[in-house]
Undergrad: 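Here it is, the structure in full.
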2 protein chains.
Amino acid sequence: MRILLIEDERELADALSVALGKHGVVTDHTMHLADAIELTRQNVYDAILLDRRLPDGEGLTFIPELRRTGTDTPIIVLTARNEPMERVEGLDVGADDYLGKPFLVEELMARLRAVLRRPASLAELHITVGRMVIDPLHLSVTVDAIPLDLPRRELLVLAALAKRKDKTVLRSTLEAAVYNYEEEIQSNALDAHISRLRKRLLDAGAGVAVHNIRGVGYLLKEE
Amino acid sequence: MRILLIEDERELADALSVALGKHGVVTDHTMHLADAIELTRQNVYDAILLDRRLPDGEGLTFIPELRRTGTDTPIIVLTARNEPMERVEGLDVGADDYLGKPFLVEELMARLRAVLRRPASLAELHITVGRMVIDPLHLSVTVDAIPLDLPRRELLVLAALAKRKDKTVLRSTLEAAVYNYEEEIQSNALDAHISRLRKRLLDAGAGVAVHNIRGVGYLLKEE
DNA sequence: CCAGCAAGATTGCAGCAGCATTGCGGAAGG
DNA sequence: CCTTCCGCAATGCTGCTGCAATCTTGCTGG
């Protein structure tokens with residue numbers, strides 16, 4: 001589990017990092033709201049722990065700001081401001097839980113677990129073709145729920161085809177999907193990938209076919 | 001919004017019904033755990049408010065009972081038993097929140113809202129692969145019900161793999177699961193963890209295998 | 001309808017990137 | 001002070017991948 005801790009008391013933050021670490025939680029720490037948004041852009045956190053009093057402002061303002069970016073990471077507010085109405089305030093701007101300082105690490109962990117007991121992901125994009133399911137985000141492929149592992153380049157080709165299944169994908173598009181602009185291709189490497197991919201899909205009984213459109217590109221469809 | 005209130009003090013229950021009613025909440029009330037299960041079968045509630053001290057037993061026992069029926073309705077425990085470790089207890093048997101008496105109705109409402117904002121929770125508490133059961137929230141692992149203790153980092157790797165069993169987990173995802181951004185990796189530390197984890201899983205006869213997908217990541221599946 | 005040709009398919013091969021394994025020493029915890 | 005964990009790095013190995021040679025397919029014009 002990986003969390004973001006937004007807290008300006010260095011001592012507390014360090015102690016928490018250590019304590020949470022013992023529970024197997026990986027903690028990123030920042031003292032400034034300004035950095036927090038950037039960090040959530042760069043990393044995917046399981047949860048965020050947020051202090052209210054921060055050097056650059058009231059922590060609660062961070063919540064709507066974060067939600068506006070479409071992130072629904074659970075947020076637990078940790079603060080000495082623990083009057084009932086202050087708790088209401090915090091929960092109503094979008095915090096998932098509110099915990100007054102001081103607190104036991106045990107309780108924080110329990111609240112973390114409670115908040116995390118929810119579906120892992122938001123919108124997982126799966127593409128189904130034939131008996132095959134492709135998750136282009138996680139780069140995983142299954143046939144009849146059995147994982148199929150493909151070499152990286154073949155995987156990239158397949159994902160690119162799957163994203164536009166039943167439609168022609170230009171040869172150049174495929175090349176772009178597999179090679180970055182630094183890598184140059186001096187041969188029929190792409191054709192070779194297609195060939196090997198076809199063989200593997202056939203062996204796995206994926207129920208799909210990769211068709212060629214002469215002079216244009218390729219196309220993935222059910223068999 | 002419709003909720004189920006399980007509470008034996010009639011006065012409090014009535015007062016709450018009225019107060020919640022003013023917030024647009026329809027309340028079903030029962031004083032007995034025995035009735036509660038039946039009521040959840042007949043109605044779909046948005047949330048359940050649960051007292052601990054009840055005439056026919058400890059309220060917390062209701063939670064696993066209800067969960068076993070496949071219901072994932074959020075549960076908020078309302079109780080005078082409000083010591084930190086008692087709260088931990090409540091949350092860990094599956095309550096979504098825990099609120100000590102006495103409380104302001106305002107706060108209860110806020111917590112209700114917070115709990116209802118969360119996508120319905122279906123996340124598995126335990127993941128079974130081969131002969132191994134993993135609890136990613138508590139980070140515990142058993143093989144044939146015998147606890148297996150793993151070093152922290154190996155545990156984190158395993159939990160990350162288990163959460164997406166039978167699916168590829170990107171190398172970078174694994175790194176993020178084990179290291180925070182301050183910790184830098186200058187070597188094949190992750191590979192080493194995988195290697196040692198494999199050995200331990202083999203020794204324990206876990207019946208699982210960690211596969212590598214070259215250039216992509218790793219994947220956990222049954223042997 | 002056929003010859004000619006261009007585009008694609010297939011496959012062996014060699015090189016090498018990525019992975020597996022393991023010993024070592026420092027660090028942390030008891 | 002002893003044990004375990006963990007990062008590091010050296011070593012060996014596997015199999016992906018680009019290349020090129022060869023074979024096949026299907027389009028085209030006459």
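Note that the structure is a prediction, hence the values are computed from the model and not measured. Residue numbers start from 1 in every chain, and the chains themselves are labelled A, B, ... in the order their sequence lines are given, proteins ahead of strands.
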Undergrad: Pick from L20(A), I6(A), D97(A): which one makes a side-chain contact (heavy atoms from CB on, under 4.5 Å) with L49(A)?
TA: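 Looking at L20(A), I6(A), D97(A), the match for L49(A) under the side-chain contact (heavy atoms from CB on, under 4.5 Å) is L20(A).
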
Undergrad: Hey, is R113(B) close enough to D92(A) for a salt bridge, meaning N to O under 4.0 Å?
TA: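 Yes, R113(B) and D92(A) are salt-bridged.
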
Undergrad: Between R200(A) and A192(B), name the one whose nearest nucleotide on DNA chain D is closer to the 5' end.
TA: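 Its nearest nucleotide lies further toward 5', so the answer is A192(B).
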
Undergrad: From the set dC19(C), dG23(C), dG18(D), return the single nucleotide nearest to any side-chain atom of D191(B).
TA: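 Given the options dC19(C), dG23(C), dG18(D), the side chain of D191(B) is closest to dC19(C).
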
Undergrad: Set out, in order, the CA-CA distance, both residues' side-chain angles and the distance that settles salt bridge (charged side-chain N to carboxylate O under 4.0 Å, His left out) for R2(A) and D28(A), then state yes or no.
TA: CA-CA 8 Å; R2(A) 187 190 183 94; D28(A) 284 357; 3.1 Å; yes

Undergrad: Just how far, in rounded Å, is P of dG8(C) from CG of L219(A)?
TA: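 Going from L219(A) (CG) to dG8(C) (P), I get 14 Å.
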
Undergrad: If an axis is fit to five pairs at each end of the helix from dC1(C)-dG30(D) to dG30(C)-dC1(D), what is the angle between the two, to the nearest 10°?
TA: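 Computed from the C1' atoms at both ends, the axes differ by 50°.
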
Undergrad: Minimum heavy-atom separation for L66(A) to T69(A), with atom names?
TA: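 That closest heavy-atom pairing would be O-OG1, 2.6 Å.
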
Undergrad: Mind checking R198(A) for me? I need base, sugar-phosphate or nothing, with any heavy atom below 4.0 Å counting as a touch.
TA: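 The residue R198(A) makes sugar-phosphate contact but no base contact.
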
Undergrad: Is any side-chain heavy atom of K165(A) closer than 4.5 Å to one of L161(A)?
TA: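 L161(A) does not reach K165(A) side chain to side chain.
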
Undergrad: Any idea which of dT21(C), dA21(D), dT11(C) is nearest the N188(A) side chain?
TA: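 Within the option list, the nearest is dA21(D).
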
Undergrad: For the pair made of CG in L202(B) and P in dT22(C), what is the distance, rounded to whole Å?
TA: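 My rounded result for the distance is 12 Å.
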
Undergrad: Can you check whether R196(B) has a side-chain N or O nearer than 4.0 Å to OP1 or OP2 of dT22(C)?
TA: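 No, no such contact exists.
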
Undergrad: For L174(A) and dA9(C), what is the distance between atoms CG and C1' respectively, to the nearest whole Å?
TA: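 The answer, rounded to whole Å, is 16 Å.
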
Undergrad: Evaluate side-chain hydrogen bond (donor to acceptor under 3.5 Å, both in side chains) for R52(A) paired with Y98(A), printing each intermediate quantity in order.
TA: CA-CA 11 Å; R52(A) 285 190 66 159; Y98(A) 197 103; 3.0 Å; yes

Undergrad: Does any part of the side chain of H126(B), heavy atoms only, come nearer than 4.5 Å to the side chain of I134(B), both counted from C-beta?
TA: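 The answer is no; the side chains never approach within 4.5 Å.
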
Undergrad: According to salt bridge (Lys or Arg N to Asp or Glu O under 4.0 Å), does anything in residues 204-223 of chain B pair up with another residue at least two apart or in another chain? List the pairs.
TA: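 Counting only pairs at least two positions apart or across chains, no salt bridge (Lys or Arg N to Asp or Glu O under 4.0 Å) contact touches residues 204-223 of chain B.
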
Undergrad: Of the nucleotides dC19(C), dC5(D), dT22(C), which one has an atom closest to the side chain of S195(B)?
TA: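 When the side chain of S195(B) is considered, dT22(C) is the closest of dC19(C), dC5(D), dT22(C).
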
Undergrad: Return no unless some side-chain N or O of Y179(B) is found under 4.0 Å from OP1 or OP2 of dG7(D).
TA: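 Result: yes.
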
Undergrad: Can you sort out which residues in residues 211-218 of chain A have a heavy atom within less than 4.0 Å of DNA chain C? Ascending by number, please.
TA: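 Going residue by residue through residues 211-218 of chain A, the ones with a heavy atom under 4.0 Å of DNA chain C turn out to be N212(A), R214(A), G215(A), Y218(A).
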
Undergrad: Applying salt bridge (charged side-chain N to carboxylate O under 4.0 Å, His left out) to E83(B) and R87(B), what does each step give before you reach the verdict?
TA: CA-CA 6 Å; E83(B) 291 302 307; R87(B) 296 206 289 272; over 6 Å; no

Undergrad: Using whole Å, report how far CG of L190(B) lies from P of dC5(D).
TA: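 It works out to 17 Å between those atoms.
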
Undergrad: What's the closest nucleotide to the P151(A) side chain, out of dC16(D), dC8(D), dC6(D)?
TA: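 The answer is dC16(D), which lies nearest to the side chain.
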
Undergrad: Between dC6(D), dG18(D), dC8(D), which nucleotide gets closest to the side-chain atoms of R152(B)?
TA: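 Looking only at heavy atoms from C-beta outward on R152(B), the closest nucleotide is dC6(D).
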
Undergrad: On the side chain of R153(A), is there an atom forming a donor-acceptor pair with the base of dG15(D) - under 3.5 Å, no angle test?
TA: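 Answer is no: no donor-acceptor pair is held.
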
Undergrad: Atom CD of E154(A) to atom P of dT11(C): distance rounded to whole Å?
TA: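 E154(A) atom CD is separated from dT11(C) atom P by 13 Å.
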
Undergrad: Does H193(B) place a side-chain N or O at less than 4.0 Å from the phosphate oxygens OP1/OP2 of dG7(D)?
TA: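 True: H193(B) side-chain N/O within range (under 4.0 Å) of dG7(D) OP1/OP2.
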
Undergrad: Do the non-hydrogen side-chain atoms of K101(B) and R81(B) ever get within less than 4.5 Å of each other?
TA: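 In short, these two side chains do not touch, never coming nearer than 4.5 Å.
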
Undergrad: Measure from CG on L197(A) to C1' on dT10(C) and round the result to the nearest Å.
TA: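 Between C1' of dT10(C) and CG of L197(A): 14 Å.
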
